[in-house]
Amino acid sequence: MPAAHHPLRSKQRRSALRTAAFMSPWLIGFSVFFVYPLLSTVYFSFTRYDGFRQPSFNGLDNWSYVFSDYPLFWPAMRNTLWLVLVMVTCRVAFGLGIGLLITKIKTATGVFRTLFYLPYLAPPVAATLAFVFLLNPGTGPVNTLLDAVGLPTPGWFTDADWSKPALTALALWGVGDLMVIFMAALLDVPKEQYEAAELDGAGAWARFRHITLPNISPIIMFAVVTGVIQAMQYYAQPLVAGKVAAGVIGGSGQQFEPGYPDKSTLTLPQLVYNLGFQRFDYGTACVVALVLFALSMAFTALLMRRRGGLIGAGE
């Protein structure tokens with residue numbers, strides 16, 4: 001009996017080896033560029049390491065310092081969570097709204113698609129610089145227009161209460177990527193379902209809730225998950241906006257603490273860079289990086305488990 005199964009076991013073994021051979025490029029890349037860096041980050045988070053001398057084990061000192069004594073950690077945590085909850089929600093809703101609007105337009109749809117998509121192609125630093133000057137509280141055209149019509153003129157990037165809404169406005173300006181994705185999904189919804197709903201007397205909101213949302217729910221999930229990941233990596237725009245608003249526009253020799261004004265634009269990725277590459281405190285930087293990684297995984301897992309709740313009663 002064992003001899004009868006020997007050819008079968010050999011065939012299964014060859015199949016497993018062939019599968020492993022085809023997967024080996026991915027396995028090697030995954031191990032080199034994800035597993036090894038992650039394990040190294042965990043190791044360095046328990047050491048005192050400046051990048052020059054050999055790391056020395058210091059237990060939980062780095063973790064205790066970050067959560068208890070580091071004054072910038074909790075402001076950066078609050079700002080990052082604010083961006084995840086508010087900016088991502090606004091981008092998804094705005095992108096979906098623009099996609100719906102353009103699919104309903106009968107003429108010049110190509111022109112509108114181009115106009116809404118072009119801002120997304122602007123480099124992040126250039127777009128941020130333009131927004132800082134447009135929203136300049138003293139000379140910017142936005143506040144000039146608001147003042148002309150008698151509306152309040154916020155401080156935008158120079159005001160801690162308005163800096164994150166200004167960053168959100170910048171993110172909405174470059175929402176062309178989500179618009180294109182949602183347009184493709186909306187055009188793929190079967191028209192027969194809309195026609196049947198109209199015959200049953202369903203209104204516009206009922207058709208959107210019971211037909212559009214269920215059909216595009218995977219695309220909404222994709223937009224939310226990728227948006228959360230991007231928000232967790234939000235670095236260049238708040239840093240550039242804070243530097244320009246603070247008047248720090250020079251190059252070498254200028255020391256700048258991120259977060260202007262009053263730590264309102266400080267994010268966790270900025271702390272990782274500041275601690276690791278400006279202060280050479282790699283152990284503490286690794287702690288912040290691991291917190292950022294854990295938050296990203298937690299948000300993604302929560303969204304994947306609560307997919308139905310994300311789009312409400314549309315499912």
Side-chain angles (χ1 to χ4, degrees), residues 83-84 86-135 140-146 149 156 165-200 202-231 233-234 236-237 240-241 303 307 310-312 314-315:
L83 292 171
V84 168
V86 177
M87 188 174 72
V88 174
T89 302
C90 291
R91 285 194 86 242
V92 172
F94 191 64
L96 178 58
I98 296 298
L100 281 168
L101 178 64
I102 293 181
T103 55
K104 300 299 182 183
I105 296 177
K106 302 300 182 182
T107 58
T109 56
V111 174
F112 285 104
R113 282 198 303 264
T114 302
L115 289 176
F116 279 107
Y117 187 74
L118 278 177
Y120 173 71
L121 300 177
V125 173
T128 305
L129 288 172
F131 251 70
V132 172
F133 286 110
L134 287 173
L135 299 179
V142 174
N143 273 14
T144 301
L145 181 61
L146 292 175
V149 296
W156 301 113
L167 288 173
T168 303
L170 171 60
L172 295 181
W173 181 69
V175 79
D177 57 333
L178 291 184
M179 176 204 70
V180 171
I181 293 173
F182 282 129
M183 280 184 58
L186 290 167
L187 293 174
D188 200 39
V189 178
K191 295 182 179 180
E192 296 81 6
Q193 296 184 14
Y194 289 120
E195 294 171 357
E198 289 181 6
L199 291 175
D200 290 338
W205 169 246
R207 294 195 300 271
F208 175 77
R209 178 181 175 184
H210 296 292
I211 297 176
T212 305
L213 280 181
N215 277 282
I216 68 172
S217 60
I219 308 303
I220 295 178
M221 175 57 61
F222 170 80
V224 173
V225 171
T226 55
V228 168
I229 294 173
Q230 290 172 357
Q233 300 173 345
Y234 207 51
Q237 291 90 331
V240 172
L303 289 170
R307 175 174 173 269
L310 177 67
I311 61 173
E315 280 283 332

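R113 pairs by the salt bridge (Lys or Arg N to Asp or Glu O under 4.0 Å) definition with nothing, not counting sequence neighbours. Under the ring pair (Phe, Tyr, Trp, His ring centres under 6.0 Å) criterion, F131 pairs with W173, not counting sequence neighbours. For Q230, the side-chain hydrogen bond (donor to acceptor under 3.5 Å, both in side chains) test picks out no residue, with sequence neighbours left out. Judged as a side chain to side chain contact (heavy atoms under 4.5 Å, CB included), and not counting sequence neighbours, A236 has no contacts. Scanning for side chain to side chain contact (heavy atoms under 4.5 Å, CB included) contacts around V149 gives L151, with sequence neighbours left out. Not counting sequence neighbours, the partners of Q193 by the side chain to side chain contact (heavy atoms under 4.5 Å, CB included) test are P190, I211, N215. Qualifying side-chain hydrogen bond (donor to acceptor under 3.5 Å, both in side chains) partners for T168, counting only residues two or more places apart in sequence or in other chains: none. The ring pair (Phe, Tyr, Trp, His ring centres under 6.0 Å) test applied to Y194 returns no partner, not counting sequence neighbours. Looking at residues two or more places apart in sequence or on another chain, you find a side chain to side chain contact (heavy atoms under 4.5 Å, CB included) between P165 and W82, W162.
Taking both residues in full, the closest heavy atoms of L178 and A223 are given as CD2-CB, 3.8 Å, listed atom of the first, atom of the second, then distance. Across every non-hydrogen atom of L186 and G99, the tightest pair is CD1-C, 3.7 Å. Contact between A166 and L135 at its shortest, heavy atoms only, is CB-CD1, 4.0 Å. Nearest heavy-atom pair across A127 and L170 is O-CD1, 3.9 Å. A202 and A206 get closest at one heavy-atom pair: CB-CB, 4.1 Å.
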task = Take F182 and V92, measure what side-chain contact (heavy atoms from CB on, under 4.5 Å) needs, and give me the verdict at the end.
result = CA-CA 9 Å; F182 282 129; V92 172; 4.0 Å; yes
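Atoms CG and CD1, from L303 and I220 in turn, are 12.5 Å apart once rounded to the nearest 0.5 Å. Rounding to the nearest 0.5 Å places CG of L100 at 12.5 Å from CE of M179. F116 CZ to I98 CD1: the interatomic distance, rounded to the nearest 0.5 Å, is 4.0 Å. Here the CG atom belonging to L134 is positioned 10.5 Å from the CG atom belonging to N143, to the nearest 0.5 angstrom.
Sorted by first then second residue, the side-chain hydrogen bond (donor to acceptor under 3.5 Å, both in side chains) pairs that include residues 86-104, not counting sequence neighbours, are R91-D177. Every pair tested for ring pair (Phe, Tyr, Trp, His ring centres under 6.0 Å) that includes a residue from residues 86-111 fails, sequence neighbours excluded, so the list is empty.
The side chain to side chain contact (heavy atoms under 4.5 Å, CB included) with L96 is formed by just one residue from the set L101, I219, I216; it is I216.
Checked by atom type and distance alone, the side chain of T226 pairs as donor or acceptor with a backbone atom of F222 at under 3.5 Å.
Within 6.0 Å of CZ in F112 there are 12 or fewer heavy atoms belonging to other residues, nucleotides or ligands.
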Per-pair distances, 0.1 Å, donor-acceptor, side chain in residues 117-125, under 3.5 Å, sequence neighbours excluded:
none

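V132 is not listed as a side-chain neighbour of V240, based on a closest heavy-atom distance of 4.5 Å or more.
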